[in-house]
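Written out below as structure tokens is the structure these notes cover.
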Amino acid sequence: MLAQHIVNGLTLGSLYALIATGYSLVFSMVGMINLAYGAVLTIGALLGYHVAIQSGFGHALGLIVAMLVCGVLGLLTDLTAVEPIRRQKLPIYFALLSTYGVNTFVQSVTENVTLKTWATEFKPFPAPVESRVLTLFGLQFTTFDLVVLAAVTVIMLVIDYYMKRTWGGRAVQATASQAEVAEIMGINTRNVIAYTFFASCALASVAGMMLGMYYGTVSSSLGTSPGTKGFIAALIGGRGQITGAVLGALILGLLESLAAGVIGSGYRDLVAFIALVLMFLIKPSGLLGGAGA
Amino acid sequence: MTTKRLWGLLKPAPVVLVLFLLPLVSSAYATRVWTIGYMNCIMGVSLSMSIVVAGVVSMGQAGFYAIGAYTAAIMATISGIGFPFTLIAGGLLAAVAGVVLAFPSLRLKGMYFMLTTMAFGEVVRLVALNWTSVTRGPIGITGIPGIAADMGPAGYYTAALIVALLAFMFCEFIAGSDFGLLCKSMRDDETAAAVCGMNVPVLRITAAALACFWAGTAGAFYAHLYSFVSPQPFGSGVSLSLLVISMLGSLIGPLITRRPSFIGTAVSALFLTWLLESLRFMREYRMAFYGLIMILLVVMQPQLQAGIRKLVSSLVRRERSTYAS
């Protein structure tokens, strides 16, 4: 039974890993959490649903449209809420407040639009694979669990390859570690930051669609809770580090699944918060973070 | 000095009197909107107090609001304890939660503290949603008794006004007290304050707890006003709207009074509540509107502050010239 909870936690954790990676990418650039991410997750899932299921164009096209639109949404977030603050050299926590504003705005508009156009609060969002339960070594997997694990692994490997092996990825890393030096070396850091916002929010749409299929339904509040869990995972893992974010997300997914299975489903959300608080008490910089707060 | 101080206390008396008499002339609907405005006042002013006095910026006030509301709802429906006690209990429980939250955050600087409070607010909502044995989950708690058996909107209005006045005076008192001064010194330079022998953790935790107390009180009032509590109205949008109220308040404060005061926050709470209620098409998009104001307030902050300063100084100049002539 315990092993079954671990399997379930692994799937949830790998979904959180995508979200936490998105947070982490932006964090490494501008040193803050993009709080508009939760709303972008929702938009991604809803758009994907509209194109793939409602209009019947299939999941692939849905994913592409959702990625593009969410990426542009990320760019807009950067332009309206983050870049002005950096340009005016205001304290960076101001960007926390302004992206919170973006989140509330997008969330509220999404809620009202879905309320007006949909008769129900939830719509079923089937996965492109046939849903079957497989039994391996006495553990139960759904086919979708395997798809999620495989897809997340591939996505993370692609990101890893991009960050380490390509010019663009190295520019991102250079900007993250020493923005001024990167600027001197001829990297347009302004563009790098904008690209990062685009990429991070495009990733959010992938995560949003997968979450929709994972829950089996989409709604206008889909991204709220995973959005919070994602930044908790990113902070637990270490600030601005993708490896840390993935580690934090997997731990969080496992903890949640175990808490829900062993103690009771009412506690699953409390566990994430307790983990964050404990992490801050023991090591404020996160699991893989350096010394200091 | 004493007479001057007394005079200063009496000066707002006519305004307060007008506010008390208002339900005699306004419609039931308007009275209701004012009542909601006062609840926003209570939370906005106390949040302002914790920001201005102690530099504690909480992004999760909705969580404390919800704790207060659920405490009052559960107490009133299960044990039948009545109005003023539920208010106090809701406030106290929220304050306890504030203390618990403030402990780990002592080690955290600015942004991480804000993120922790935000996560807290969200987690409280999720717990209310999923802890069905106590909170009845998404169905919510119904049939919460009102303040008194047959009390009209005017009664609720008066009660809200009294609580709001208490909260306002309390926050003004704290800001001007020795404790407030100690907190301000801690806010400006924590290390220096600690070197001077101040107990920084205690100051910080107390300031956070005081703000949470009032947020909990407002929540308890909410439970009695609507006689229904569910997780839905305690989303993160509420925390944001309170931050907007507080920021707008500190911006327009200098236009109303020359000395540092929370009157700006109180006015901005009432103003925003009314603005969003009176614009009919805005009602559903209320939170979107708060989001937009937040972006504007943050992004344009230097320009806005400079503009207000210019406006204030031109007002002062005009005043002086009228005295001279």
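Predicted, not measured: the structure shown is a model, and the values here were computed from it.
- Only the side chain of A/Leu276 comes within contact range of chain B, with at least one heavy atom under 4.5 Å from a heavy atom of that chain.
- For A/Phe105 and B/Tyr285, the gap between ring centers reaches or exceeds 6.0 Å.
- Atom NZ of B/Lys310 has 12 or fewer neighbouring heavy atoms from other residues, nucleotides or ligands inside a 6.0 Å radius.
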Applying side-chain contact (heavy atoms from CB on, under 4.5 Å), run through A/Thr217 and A/Phe125 and close with a yes or a no. CA-CA 5 Å; A/Thr217 55; A/Phe125 192 4; 5.9 Å; no
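- Ion pair A/Lys229/B/Glu122 not flagged as a salt bridge, since none of the NZ, NE, NH1 or NH2 atoms sits closer than 4.0 Å to an Asp/Glu carboxylate oxygen.
- Most heavy-atom pairs under 4.5 Å with chain B, from the set A/Leu278, A/Val106, A/Ile33, A/Asn103: that is A/Ile33.
- Interface residue B/Leu101: only side-chain heavy atoms are found under 4.5 Å from chain A.
- When A/Leu115, A/Val277, A/Leu96, A/Thr224 are compared by the number of non-hydrogen pairs under 4.5 Å with chain B, A/Leu96 comes out ahead.
- When heavy atoms are compared at a cutoff of 4.5 Å, B/Met59 approaches chain A by way of both its backbone and its side chain.
- Heavy atoms of A/Leu235 lying under 4.5 Å from chain B belong exclusively to its side chain.
- If you measure heavy-atom distances from B/Tyr290 to chain A, you find no contacts under 4.5 Å at all.
- Interface remark: B/Leu240 contributes backbone and side-chain atoms alike to the contact with chain A (heavy atom separation under 4.5 Å).
- Interface remark: A/Leu97 contributes backbone and side-chain atoms alike to the contact with chain B (heavy atom separation under 4.5 Å).
- Residue contact with chain B, scored on non-hydrogen atoms closer than 4.5 Å, is absent for A/Ile274.
- Distance alone, capped at 3.5 Å, is enough to place a donor-acceptor pair between the A/Gln88 side chain and the B/Val299 backbone.
- Taking the six-membered ring for Trp, B/Tyr65 and B/Tyr70 have ring centres at least 6.0 Å apart.
- For chain B, the nearby part of A/Leu35 is the side chain; its heavy atoms alone come within less than 4.5 Å.
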Full working for ring pair (Phe, Tyr, Trp, His ring centres under 6.0 Å) between B/Phe64 and B/Phe120: CA-CA 9 Å; B/Phe64 302 104; B/Phe120 175 80; 5.0 Å; yes
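- In summary, the aromatic rings of A/Phe231 and A/Tyr37 are positioned with their centroids too far apart to meet the 6.0 Å limit.
- When heavy atoms are compared at a cutoff of 4.5 Å, A/Ile232 approaches chain B solely by way of its side chain, counted from C-beta outward.
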